[in-house]
Amino acid sequence: MAFLSCEEMLAAARSQKISLAEAVLRSDLEESRLTEAHSRAAMRHLWQVMQATSQEYDPAQRSRSGLSGGDAAKVEQAWQQGRLLGDDYLAAVTAEALKTAECNACMKRIVAAPTAGSCGVLPAVLLPLARAGQADEDAVCDALYVAAGFGQVIAARATLAGAEGGCQAEVGAASAMAAAALCNLKGGTPEQCAAAAAMALGNLLGLVCDPVAGLVEVPCIKRNVVGAVNAVSCANMALAGVDYAIPCDEVIDAMGRVGSLLSPDLRETGQGGLAATPTGVKIARQLAQED
């Protein structure tokens, strides 16, 4: 995709009188030289992998470090027992974000959306809707094209790498992509999709990358839940007509600048933030001794 700004992406949809998903698809075809059938098949495959990751989740499996595994099952059990706040969708989003992120920690197959560390956000908001019959495969794939469009702009204008921009570049970007995807899925306009993405990224501006022991587990997995729930909230606000004072492109640019200002200790080195707490240091030492 060749879009270098969200405004350019929205303008393409307006000028050609097509949906935002179609605008992203056409741009992708022009750049990749794929046929539409090939592109759509590839997108369906990604969606099928997202579904398979969730379906193949094993609540008994633990990551090699022992820090991750089984939490999604705890959420589902508490949900079934009526012990959680919010509605069924919110509980399912929480569980699905944990499932995919835990699978990543356990070295199972996931879709980097846009990164492995943020892989749980996008499927978490889409899977429950698909299972409830509120979104068929075509609608989901269109939503994924929209997500991809915003993700590409973030990559072009800023970064998607935690090592370069902190967790705001990973979970923050994933949350923006998920918010735009949800907004599109529920019939939002391209402008509402952009507002949802801007709000989602803006809400997580400055989020640092501080993996305990250098592993993509603590606090990364739980932050996938935060990114997913944030996306739902921002999509709801945008669909209700709530605007964001700062345009999406400017929010993305701000994220890039903030990332460059973060200390190296807060950019995936495992040297700052939660990784530098007494418990974080203790965990790192214990795991180093085991190796």
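As the structure is a prediction and not an experimental result, all values here were calculated from the model.
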Would you sort out whether Met9 and Phe150 count as a side-chain contact (heavy atoms from CB on, under 4.5 Å), showing the intermediate values?
CA-CA 9 Å; Met9 187 164 57; Phe150 282 94; 3.8 Å; yes
Steps toward salt bridge (Lys or Arg N to Asp or Glu O under 4.0 Å) verdict (Arg33, Asp28)
CA-CA 8 Å; Arg33 299 185 184 279; Asp28 179 51; over 6 Å; no
Tell me, with the steps shown, if Ser39 and Tyr145 meet side chain to side chain donor-acceptor pair (under 3.5 Å).
CA-CA 10 Å; Ser39 177; Tyr145 275 112; 2.7 Å; yes
Would you sort out whether Glu290 and Arg64 count as a side-chain contact (heavy atoms from CB on, under 4.5 Å), showing the intermediate values?
CA-CA 11 Å; Glu290 292 173 6; Arg64 183 178 177 184; over 6 Å; no
Determine, stepwise, if the pair Ser118 / Glu170 fulfils side chain to side chain donor-acceptor pair (under 3.5 Å).
CA-CA 6 Å; Ser118 60; Glu170 295 203 27; 4.8 Å; no
Could you walk me through whether Thr53 and Lys108 pass the side-chain contact (heavy atoms from CB on, under 4.5 Å) test, one step at a time?
CA-CA 8 Å; Thr53 300; Lys108 299 179 77 172; 6.0 Å; no
Show the numbers, then the answer: is there a side-chain contact (heavy atoms from CB on, under 4.5 Å) between Leu129 and Tyr89?
CA-CA 8 Å; Leu129 295 177; Tyr89 177 65; 3.8 Å; yes
Side chain to side chain donor-acceptor pair (under 3.5 Å), that's the test. Do Arg26 and Gln16 meet it? Break it down for me.
CA-CA 11 Å; Arg26 289 186 185 182; Gln16 299 175 56; 2.8 Å; yes
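In terms of heavy-atom proximity, Leu122 sits nearest to Ala178 at CD1-CA, 3.6 Å. Scanning all heavy atoms of the two residues, the minimum distance from Cys119 to Ala101 falls at SG-CA, 4.0 Å. Taking each heavy atom of Ala2 and Glu31 in turn, the nearest pair found is N-OE1, 3.8 Å. Looking at every heavy atom in both residues, Val125 comes nearest to Val232 through CG1-CG2, 4.0 Å. When all heavy atoms are compared, the tightest approach of Leu182 to Ala235 is CB-CB, 3.8 Å. Taking each heavy atom of Ala195 and Asp243 in turn, the nearest pair found is CB-OD1, 4.0 Å.
In the displayed structure, Gln48 atom CD is contacted under 6.0 Å by more than 12 heavy atoms of other residues, nucleotides or ligands. At most 12 heavy atoms of other shown residues, nucleotides or ligands fall within 6.0 angstrom of atom CD1 in Ile246.
For the pair Ser15 (side chain) and Ala12 (backbone), a donor-acceptor distance under 3.5 Å is present. The backbone N or O of Ala73 lies less than 3.5 Å from no partner atom in the side chain of Glu76, so there is not a single donor-acceptor pair. Judged purely by atom type and a 3.5 angstrom limit, Ser27 has no side-chain atom pairing as donor or acceptor with the backbone of Ala23. Although no hydrogens or angles enter the test, the distance criterion places a donor-acceptor pair under 3.5 Å between the side chain of Arg62 and the main chain of Pro59. Looking only at distances, no side-chain donor or acceptor of Tyr57 sits under 3.5 Å from a matching main-chain atom of Ala52. Not one N or O on the side chain of Asp210 forms a donor-acceptor pair closer than 3.5 Å with the backbone of Ala275. No donor-acceptor distance shorter than 3.5 angstrom exists from the side chain of Glu268 to the backbone of Cys209, with no hydrogens or angles considered. Between the side chain of Glu8 and the backbone N or O of Leu4, at least one donor-acceptor pair lies under 3.5 Å. Of the possible donor and acceptor atoms, one in the side chain of Asn224 sits under 3.5 Å from a partner among the backbone N and O of Cys220.
Under the 4.5 Å side-chain criterion, counting only non-hydrogen atoms from C-beta, Leu204 is in contact with Val226. Residues Thr100 and Met50 have side chains not in contact (no heavy-atom distance under 4.5 Å, counting atoms from C-beta outward). The side-chain heavy atoms of Arg14 and Pro190, taken from C-beta on, include no pair separated by under 4.5 Å. Residues Val93 and Leu127 form no side-chain contact, since every pair of their non-hydrogen atoms from C-beta on lies 4.5 Å or further apart. Counting heavy atoms from C-beta on, the side chains of Leu207 and Arg223 come closer than 4.5 Å. Val218 is not listed as a side-chain neighbour of Leu274, based on a closest heavy-atom distance of 4.5 Å or more. Side-chain atoms of Ile154 and Met255, non-hydrogen and from C-beta on, do get closer than 4.5 Å to each other. Under the 4.5 Å side-chain criterion, counting only non-hydrogen atoms from C-beta, Cys248 is in contact with Ile252.
Side chains of Ser54 and Arg131: a donor-acceptor N/O pair is present below 3.5 angstrom, by distance only. In the model, Ser63 has a side-chain atom that pairs as donor or acceptor with a side-chain atom of Ser65 under 3.5 Å. Using modelled atom types and a 3.5 Å distance limit, the side chains of Ser68 and Glu102 yield no donor-acceptor pair.
Cluster membership check: Ile18 does not share its hydrophobic cluster with Val146, using side-chain heavy-atom separations under 4.5 Å among Ile, Leu, Val, Met, Phe, Trp and Tyr.
Annotation: the span from Ser175 atom OG to Asn203 atom CG amounts to 7.5 Å, rounded to 0.5 Å. Once rounded to the nearest 0.5 Å, the distance linking CG of Leu25 with CG of Asp142 reads 8.5 Å. Summarising the geometry, atom CG belonging to Leu205 is positioned 9.5 Å from atom CZ belonging to Arg257; distances are rounded to the nearest 0.5 Å. Remark: Asp71 CG to Leu98 CG distance equals 6.0 Å, nearest 0.5 Å. Between atom CD of residue Glu137 and atom CD of residue Gln51 there is a gap of 7.0 Å, rounded to the nearest 0.5 Å. The structure places CD of Glu250 at 11.0 Å from CD of Glu7, a figure rounded to the nearest 0.5 Å.
Using a 4.0 Å cut-off between charged nitrogen and carboxylate oxygen, Lys99 and Asp58 do not count as a salt-bridge pair. Salt-bridge check for Glu22 with Arg40: passed, with a basic side-chain N closer than 4.0 Å to an acidic carboxylate O.
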